[in-house]
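Everything on this sheet refers to the single structure shown next.
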Protein chains: 2
Amino acid sequence: MTEPKEAGRDPETLSRFVEHFAAQLVEAGLPRMPARVFAALLASDTGTLTSAELGEQLRISPAAVSGAVRYLSQVHMLSREREPGSRRERYRVHSDQWYEALTNREAVIKRWEDALREGITSLGPTTPAGRRLTETLAFFEFIEKDVAGMMERWRAHREERFGA
Amino acid sequence: MTEPKEAGRDPETLSRFVEHFAAQLVEAGLPRMPARVFAALLASDTGTLTSAELGEQLRISPAAVSGAVRYLSQVHMLSREREPGSRRERYRVHSDQWYEALTNREAVIKRWEDALREGITSLGPTTPAGRRLTETLAFFEFIEKDVAGMMERWRAHREERFGA
DNA sequence: CGCTTACTTCAGAAATTTGTGAAGTTAAGG
DNA sequence: CCTTAACTTCACAAATTTCTGAAGTAAGCG
């Protein structure tokens, strides 16, 4: 029988997926270490790993784990949990959380909008450039609102397909 | 009269907006030069500028303009036009085009999906990790479809507000 | 057909980012 | 308390990215 029931336990196979998926995230703009840490968590059985486990699996220093984890928690792609009665920490991907993080470029969009409003004021709303900026601003305002609706549709869709 | 009717013509004011907006784009992951070039085009009266105009306004070398423009046209945020009977080129932002580019992470999403499918197969669809990946994949598939709908709603919204 | 202008490519200098080891901080356990 | 384990911070070396000047290519014009 050549079909391995324990495919998921083969560290080689696991590593291949982790590195491959991380590479895609990197291409999309995520820094390398955060991408690798995130991919490792996503592919873990429980969705949680300790700092030591991450360091060992990815062959990186504790400092690198620390940096990656700080980055990921700042952008809300991961949460930190303290194991009760221990100073070991567990890091967890929570699906809901990171779907939101991914679409929730809200802070980013907000700053774009602010910059655009400033531009419209300073260049003059009736100038050709001002008009172009006004329409661009309208686009972002529309997107911002519509994405919220999209996430609700997703939640409904998921519940139907996977159960609450 | 202290109110300048020609606010948009003041190069200082223009430059301030360009650099500020470009900075936001950089924070969102766009390389610096492409961001600056794009912002300059967005804030130009006609929505088009020549290579020389860009170089002068942003104080960058022809080589930098060339690189930035190549980048932007590859990600469809800009189109190149040849001035008839001249070897001068004009670069243009076309709103429709770049709205699409912004939301059209289609190629990126497609590669994420591929990586996830591979992971599901190799780790096994019934393992805990496999199930997590399956749901993640479903999320992307949903998003991909819904974004298309969002862009149609935007077009309708824009037509209503700004006219076709 | 050759001159000139407009853009592109390329090698390399400069700036920035990344990841490490080492030192520092905090808190559990004896 | 003192020790030690778990993480964090920091300075710096290494790798990567960015932008420039210089050389190259191509197309309009005489």
Side-chain angles (χ1 to χ4, degrees), chain A residues 15 18-19 22-41 44 46 48-75 77-93, chain B residues 15 18-19 22-41 44 46 48-75 77-93:
Chain A
S15 174
V18 168
E19 296 305 332
Q24 306 304 317
L25 295 173
V26 168
E27 260 190 89
L30 213 64
R32 175 178 307 279
M33 285 292 140
R36 297 178 70 208
V37 166
F38 183 79
L41 279 167
S44 69
T46 61
T48 76
L49 291 171
T50 65
S51 176
E53 289 166 339
L54 283 166
E56 192 193 358
Q57 189 185 328
L58 301 173
R59 304 305 198 85
I60 57 180
S61 70
V65 175
S66 177
V69 152
R70 179 176 24 162
Y71 178 96
L72 289 169
S73 80
Q74 269 171 3
V75 301
M77 288 177 67
L78 158 160
S79 61
R80 327 166 70 122
E81 303 176 356
R82 212 38 173 279
E83 291 191 334
S86 157
R87 71 222 107 152
R88 186 172 292 146
E89 218 152 12
R90 302 194 73 77
Y91 306 112
R92 156 167 279 140
V93 260
Chain B
S15 175
V18 168
E19 296 304 332
Q24 306 305 317
L25 295 173
V26 167
E27 259 189 88
L30 212 64
R32 176 178 305 279
M33 285 292 142
R36 296 178 70 208
V37 165
F38 184 77
L41 279 167
S44 68
T46 60
T48 74
L49 291 171
T50 64
S51 176
E53 287 166 339
L54 284 166
E56 192 192 0
Q57 188 184 328
L58 302 173
R59 304 304 199 85
I60 57 180
S61 70
V65 174
S66 177
V69 152
R70 180 177 24 167
Y71 178 96
L72 289 169
S73 81
Q74 269 171 3
V75 300
M77 289 178 66
L78 158 161
S79 61
R80 327 168 70 126
E81 304 175 354
R82 214 36 175 280
E83 292 190 333
S86 157
R87 74 222 103 155
R88 185 173 290 148
E89 219 154 8
R90 303 195 72 78
Y91 306 111
R92 153 168 282 140
V93 260

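Nothing here was measured: the structure is a model prediction, and the numbers come from that model. In what follows, every chain begins at residue 1, and chains take the letters A, B, ... in the order their sequences are listed.
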Inset, instruction - Would you tell me whether T48(B) and T46(B) have side-chain atoms, one donor and one acceptor, within less than 3.5 Å of each other? - result: yes
Inset, instruction - Consider only side-chain N and O atoms of T50(A) and R88(A), and report whether a donor and an acceptor are under 3.5 Å apart. - result: no
Legend entry - Qualifying residue, where the test is side-chain contact (heavy atoms from CB on, under 4.5 Å) with R36(B) and the options are R59(B), E19(B), Q57(B): E19(B)
Nearest-angstrom distance from the residue atom [atom1] of [X] to [atom2] of [N]:
{"X": "E27(A)", "N": "dT16(D)", "atom1": "CD", "atom2": "P", "answer": "16 Å"}
{"X": "E83(A)", "N": "dT26(C)", "atom1": "CD", "atom2": "P", "answer": "21 Å"}
{"X": "R59(B)", "N": "dT20(D)", "atom1": "CZ", "atom2": "P", "answer": "12 Å"}
{"X": "L54(A)", "N": "dG19(C)", "atom1": "CG", "atom2": "P", "answer": "14 Å"}
{"X": "I60(A)", "N": "dC7(D)", "atom1": "CD1", "atom2": "C1'", "answer": "14 Å"}

Inset, instruction - For atom CD of E56(A), decide whether the heavy atoms of other residues, nucleotides or ligands shown that lie under 6.0 angstrom number more than 12. - result: no
Legend entry - Heavy atoms from other residues, nucleotides or ligands near CZ of R90(A) exceed 12 (cutoff 6.0 Å): yes
Legend entry - Nearest heavy atoms of A68(B) and V37(B), plus distance in Å: CB-CG2, 3.7 Å
Legend entry - Footprint string (nucleotides 3-17 of chain C, 5' to 3'): B base within contact, S backbone only, - free, heavy atoms under 4.0 Å: -BBSSBB--------
